[in-house]
Amino acid sequence: MAKEITSREEDYSQWYLDIVKKANLAQNSAVRGCMVIKPYGFSIWEKMQGQLDKMFKETGHQNAYFPIFIPKSFLSKEAQHVDGFAKECAVVTHHRLMNDPNGEGVVVDPSAKLEEELIVRPTSETIIWNTYRDWINSYRDLPILVNQWCNVVRWEMRTRLFLRTAEFLWQEGHTAHSTQEEAITETKLMQDVYARFAEEYMAVPVLRGFKSENERFAGAVDTFTIEALMQDGKALQAGTSHFLGQNFAKAFDVKFLNENQKEEYVWATSWGVSTRLMGALIMTHSDDEGLVVPPKLASTQVVIIPIPKPNDEINAAVEKIMTELKAKGITVKYDQDKKKRPGFKFAEYEMHGIPVRLGIGKRDLEKGVVEVARRDTKEKSSQPIEGIAGYVEQLLEDIQNNLFQRALDYRTEHSSNADTMEEFQEILENKGGFIYAHWDGTVETEKKIKELTKATIRCIPNDWKEEEGKCILTGKPSNRRVVFAKAY
RNA sequence: CGGGGCAUGGCGCAGUCCGGUUAGCGCACCUGCUUUGGGAGCAGGGGGCCCCAGGUUCGAAUCCUGGUGCCCCGACCA
């Protein structure tokens, strides 16, 4: 075996890194904490982008682009916002290099110091709201529904490929509204878009909820979230949608004249998902053989392998199959590499998570069949070439559904109630997953629980139910359960 | 920011403690032959500023001093 992957059981963290590297998704770069996304990894991200972008546009949004640099003074205009991000900002201080007078290479030219430092955006609320001031005068200018696809930089102390990198790719939507109600509706709408994307396309079931004060976005009034559960029982925040109230409008003095000729501050939302979704995808579906990609996000859905090698007879049969598959909008690749043997190719495409593999050899052609292998269950069967496109089309749908159902079953098995701290800790240590528990609603209690157990409140479900109970830590009264978990 | 580890061909490593001929192994690569239904075998071949700078020495991948970078664990983190 040329490409061993550490098993999940042995070391989940190493398994994840092995998948990322051996499936050619990404690699570490020469820059600390920054990754190179390789062509295959990027092709999956592009599929995600394409679908999300479509969904944003279907809900009335437009794309725009704002600068990568933010004047330092902007960042500090919203007090909570700067508190949240100040410790992880990359700062541009100079604009020119010069030859090193003492030797080789170049040094920063001290005479080229910027009057005001520029921050490499960790998120764009400030520069965007500074711009919105120019765009908004009247209620007739609202709403503004804008999204941008870009990179951002957060100087994290510790990074992990896709899950937390110093630079990452994402989209950030920034909307402006004339009423609070409309902004809240937008916030929830985008949470719903994210949840639908995660479940229908990524086949990743998510909890829809909102954050406790402690976990809220810096500068937000309310943060809505979708939370996914990974195979090791840890939660991953997969997307967030923030209701920002009038905080940024006030900080950047963005007012509009309403229908009654009264001046008001604008209401805001922002929402984002990032390349972290790649991490969620990997850790939800993949196995010890490699990556597993749901058909709707696979850049290649079907691979055809001639056994043992391409020849005229096989090529003719494959060409016919490919035409039929393409006619149904299925992406297919025919691997005609003569140097590699079938066994090698099987392993390789399993590593890359291609959902369906067709194998065609002499034996098959004599019987008018192909060997069909599905990546999710590793099952193989012989199917007639006649009507194969219809069979594959259905199979891709089955795989998509199966992946979602499998992940949902895992989550159901790993969702528990806990009524005491002992119970809570016991579940956390042995089983992991989402733990529904009563909480007294205070930041102090949440922090204390985190200190004791490393678990945090992932969210309060949107559809929380009234239930009398006692806080697992303090015993104070509580009227609902909230969701705890250890998180990435 | 604390703790640990690593730096030697494209990748993964050995060699370093105890300095000594041409720096070695596996994978990958190139050529040829035989193979080919689950990661082929044999034969031949190419490829190294041994992280950087300085020092010790007849001689440094190896010893000394000072740097740099990366990875992992923890703290931290929408």
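All of these numbers come straight from a predicted model, not from anything done at the bench. Just so it is clear: chains get the letters A, B, ... in the order the sequence lines come, proteins before strands, and each one is counted from 1.
- Note on A:Lys380: a base of the nucleic acid sits closer than 4.0 angstrom, heavy atoms only.
- With A:Arg160 contributing its side chain and A:Tyr488 its backbone, the two residues share no donor-acceptor pair below 3.5 Å.
- Between the CE atom in A:Met283 and the CG atom in A:Asp232 there is a gap of 6.5 Å [rounded to 0.5 Å].
- Within 4.0 Å (heavy atoms only), A:Gln14 reaches no atom of the nucleic acid at all.
- The interatomic distance linking A:Glu366 (CD) with B:G37 (C1') rounds to 13 Å, in whole Å.
- As judged by a 4.0 angstrom heavy-atom cut-off over every strand, A:Ser13 is placed among residues touching the sugar-phosphate backbone only.
- Distance CG (A:Asp83) to P (B:C76): 17 Å, rounded to an integer number of Å.
- Residue-to-nucleotide contacts include no donor-acceptor pair under 3.5 Å from the side chain of A:Glu289 to the base of B:G39.
- Among the heavy atoms of the strands lying under 4.0 Å from A:Arg357 is at least one base atom, whether or not backbone atoms are also near.
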Structure string for RNA chain B in dot-bracket form, Watson-Crick and G-U at under 3.5 Å, | interchain: (((((((..((((......[...)))).((((((.....)))))).....(((((..]....))))))))))))....
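- Atom CG in A:Leu163 sits about 16 Å away from atom P in B:A78, given to the nearest Å.
- The stretch residues 307-316 of chain A touches RNA chain B through A:Ile307, A:Pro308, A:Lys309, each having a heavy atom under 4.0 angstrom from the strand.
- Under the side chain to side chain donor-acceptor pair (under 3.5 Å) criterion, A:Ser43 pairs with A:Ser299, not counting sequence neighbours.
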Name each donor-acceptor pair under 3.5 Å that joins a side chain in residues 243-250 of chain A to protein atoms two or more places apart or in another chain, with its distance.
| from | atom 1 | to | atom 2 | distance (Å) |
| --- | --- | --- | --- | --- |
| A:Gln246 | NE2 | A:Tyr265 | O | 3.0 |
| A:Asn247 | ND2 | A:Gly219 | O | 3.0 |

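- Among pairs with a residue in residues 356-367 of chain A, those fulfilling salt bridge (charged side-chain N to carboxylate O under 4.0 Å, His left out) read A:Glu350-A:Arg357, at least two apart in sequence or across chains.
- Using a 4.0 Å heavy-atom criterion, one finds that A:Glu172 contacts no nucleic acid atom at all.
- Distance from the side chain of A:Arg154 is smallest to B:A78 among B:C77, B:G37, B:A78.
- Using a 4.0 Å heavy-atom criterion, one finds that A:Trp170 contacts the bases of the nucleic acid, with or without backbone contacts as well.
- Contacts classified as side chain to side chain donor-acceptor pair (under 3.5 Å) and involving residues 209-218 of chain A (residues at least two apart or in different chains) are given here: A:Lys211-A:Glu227, A:Lys211-A:Gln237, A:Ser212-A:Glu446.
- Counting non-hydrogen atoms under 4.0 angstrom, A:Phe168 reaches a base of the nucleic acid.
- For A:Glu117, the salt bridge (Lys or Arg N to Asp or Glu O under 4.0 Å) criterion is met by A:Lys72, not counting sequence neighbours.
- Partners of A:Gln383 according to the side chain to side chain donor-acceptor pair (under 3.5 Å) rule, which considers only residues two or more places apart in sequence or in another chain, are A:Ser381, A:Tyr391.
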Below 3.5 Å is the cut-off: list the nitrogen or oxygen pairs between protein and nucleotides 40-42 of chain B, distance only.
| from | atom 1 | to | atom 2 | distance (Å) |
| --- | --- | --- | --- | --- |
| B:A40 | OP2 | A:Arg341 | NH1 | 2.7 |
| B:A40 | O4' | A:Arg341 | NH1 | 2.5 |

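- Distance CD1/A:Ile305 to NZ/A:Lys345: 6.5 Å, rounded to 0.5 Å.
- Residues that satisfy the side chain to side chain donor-acceptor pair (under 3.5 Å) test with A:Tyr16, not counting sequence neighbours, are absent from this structure.
- Legend: residues meeting salt bridge (Lys or Arg N to Asp or Glu O under 4.0 Å) with A:Lys320, ordered by chain and number and at least two apart, are A:Glu324.
- Close to B:G37, at under 4.0 Å from its OP1 or OP2, lies no side-chain N or O of A:Lys345.
- The base of B:G39 sits within donor-acceptor range of the side chain of A:Glu348, with an N or O pair under 3.5 Å.
- Judged as a side chain to side chain donor-acceptor pair (under 3.5 Å), and not counting sequence neighbours, A:Asp192 has no contacts.
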